[in-house]
Amino acid sequence: MYAILDIETTGGKFNEEGITEIAIHKFDGHEVVDTFISLINPEQPIQEFVVRLTGINNKMLRNAPKFYEVAKRIVEITKDCIIVAHNSAFDYRILRTEFERLGFDFERNTLCTVELSQQLILDQPSYSLGKLTKALGIPITERHRANGDALATIQLFKLLLAKDTEKSIIQSSIKYFDRRLEKEKLNNLINEIPNVLGIFYVHDTNGKVIFIGKGKNIKAEINNLFIKTTRRAVKIQERAVSVSYNKTGNELFTRLKFYLELESISPKFNFRKTFKINEDNFNNDNFIIIEKGREIEENAIILIENNVVISYGYTNLAFQEDNIEILKTVLTSIKDNEIAKSIVKNYLNKSKVKKIVRF
């Protein structure tokens, strides 16, 4: 569980700043499940350059709640969450400072989307939130206001989760105040898995993926795995401490993501399958496959260029369809092109896709 947040402050000397606005969205890796947004009376003047930047002035905050009046709500919405922010060191420092003034130790694990972007979205001229989201085609409203920036950070974080195909970069980038999140009981995690088409990952005590599964109903598939009595299934059950999942939205993405991740992650307890390569070319050299996404108004995209499957991912095509270069940036690159081409080719031969756009 993540608490994706943004904070606006008064400016001023280090560790003497006050919060003027805060937005927190509790995010379960798939959707926002709780939200808290509020102006805050910092009980000190706002620096003039900050007023010009944010549009927040002292008059606006005169009747806003003071920090101590919203502190309990902030504790509640961030409990058992990893704090995610664009430059999380700043936001986390500001929050901890405010709580220290109240005599309370506010301790949370943190993730920084600046650092993650630098690892997962390479060669960008700038990693500031405004310039990065513009380059990626992520809309941002009310720039330098807490909720506008927080909503943009959510979309960026979704993209980063999708690009972390080996499920290792984000895991290794968490800054732990307590060295490790509490292990959640396996049964509780399974109960939280929905009855959806997708892929699931079984993790060991170090967060490493030890088994990947897929199915039209991943909750049923996980349950089946944990009631089996085969030697392999028992070993998985003994080592499993958590389960995560990805909705895929359609059968083509389920197959493609599953086999690509088997190759890239090489989980210890998955059987090694020999994949029959289909060397036939597509009927067209350059085209986009558009399939049903995970959510309404979202599309699942596969990009084929020069008869090679080069990338895939989820997006809204309203902006990207006419700009292949931006689409390439948003989508996740495919390393094992032979397997990807065989999966896509076999699927096109047997099934009808939603839409194909040639370019």
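Scope of the values below: all heavy atoms of this structure, side chains included, with no hydrogens, waters or symmetry mates.
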So does [X] have more than 12 non-hydrogen atoms from other groups sitting under 6.0 Å from [atom1]?
X	atom1	result
Asn15	CG	yes
Lys131	NZ	no
Asn195	CG	yes
Lys292	NZ	no
Gln124	CD	yes

Under 6.0 Å from the ring centre and within 45 degrees of the ring axis: does the NZ or CZ of Arg232 meet both conditions for the six-membered ring of Phe271?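 Output yes; distance and angle both within limits.
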Lys NZ or Arg CZ of Arg294 over Tyr314 ring: under 6.0 Å, within 45°: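 Output yes; distance and angle both within limits.
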Can the ring centres of [X] and [Y] be said to be less than 6.0 Å apart?
X	Y	answer
Tyr245	Phe200	no
Phe253	Tyr312	yes
Phe157	Tyr2	yes

Distance alone, cut at 3.5 Å: any donor-acceptor contact between the side chains of [X] and [Y]?
X	Y	result
Asn191	Lys219	no
Thr54	His144	no
Asp285	Asn307	yes

Sidechain N-carboxylate O distance under 4.0 Å for [X], [Y]:
X	Y	value
Lys235	Glu238	no
Lys214	Glu221	no
Glu305	Lys328	yes
Asp149	Arg143	yes
Lys208	Glu166	no

Within the 4.5 Å heavy-atom criterion, are [X] and [Y] side-chain neighbours or not?
X	Y	value
Ile170	Leu116	yes
Arg108	Val75	yes
Leu252	Ser351	no
Thr113	Leu160	yes
Glu76	Lys79	no

Show the numbers, then the answer: is there a side-chain hydrogen bond (donor to acceptor under 3.5 Å, both in side chains) between His203 and Ser242? CA-CA 5 Å; His203 304 261; Ser242 64; 4.8 Å; no
Flag, side chain of [X] to backbone of [Y], donor-acceptor distance under 3.5 Å:
X	Y	answer
Glu21	Ala146	yes
Tyr347	Lys352	no
Asn284	Asn286	no
Asn299	Asn316	no
Lys345	Asn281	yes

Measuring from atom [atom1] of [X] to atom [atom2] of [Y], what distance do you get when rounded to the nearest 0.5 angstrom?
X	Y	atom1	atom2	value
Ile22	Ile7	CD1	CD1	4.0 Å
Thr97	Leu102	OG1	CG	11.0 Å
Ile356	Ile289	CD1	CD1	5.5 Å
Leu61	Asn58	CG	CG	6.5 Å
Asn41	Phe67	CG	CZ	13.0 Å
Leu111	Cys81	CG	SG	12.0 Å

Run through Thr153, Ile82, Leu156 and flag the one making a side-chain contact (heavy atoms from CB on, under 4.5 Å) with Ile4.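 Of the listed options, the one satisfying the test is Thr153.
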Heavy-atom pair of closest approach, residues [X] and [Y]:
X	Y	answer
Thr165	Glu261	O-OE2, 3.6 Å
Arg96	Glu107	NH2-CG, 4.0 Å
Ile94	Ile19	CG2-CG1, 3.4 Å
Val330	Leu136	CG2-O, 3.1 Å
Ser311	Ser333	CB-CA, 4.0 Å
Gly11	Gln47	C-CG, 3.6 Å

Describe, in one word, how the ring planes of Phe104 and Phe99 are oriented to each other, choosing from parallel (under 30°), tilted (30 to 60°) and perpendicular (over 60°).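 Correct class here is tilted.
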Could you label the plane-to-plane angle of the Phe287 and Phe282 rings as parallel, tilted or perpendicular, counting under 30° as parallel and over 60° as perpendicular?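 Perpendicular: the ring planes of Phe287 and Phe282 meet at over 60°.
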Side-chain donor-acceptor pairs under 3.5 Å in residues 31-40, sequence neighbours left out?
unit_1 : atom_1 : unit_2 : atom_2 : d
Asp34  : OD1    : Arg73  : NH2    : 3.0
Asp34  : OD2    : Arg73  : NH1    : 3.2
Asp34  : OD2    : Arg73  : NH2    : 3.4
Thr35  : OG1    : His25  : ND1    : 3.0

Do Ile199 and Ile218 pass the side-chain contact (heavy atoms from CB on, under 4.5 Å) test, and can you show the C-alpha distance, the side-chain angles, and the key distance before you say yes or no? CA-CA 7 Å; Ile199 298 170; Ile218 54 174; 5.8 Å; no
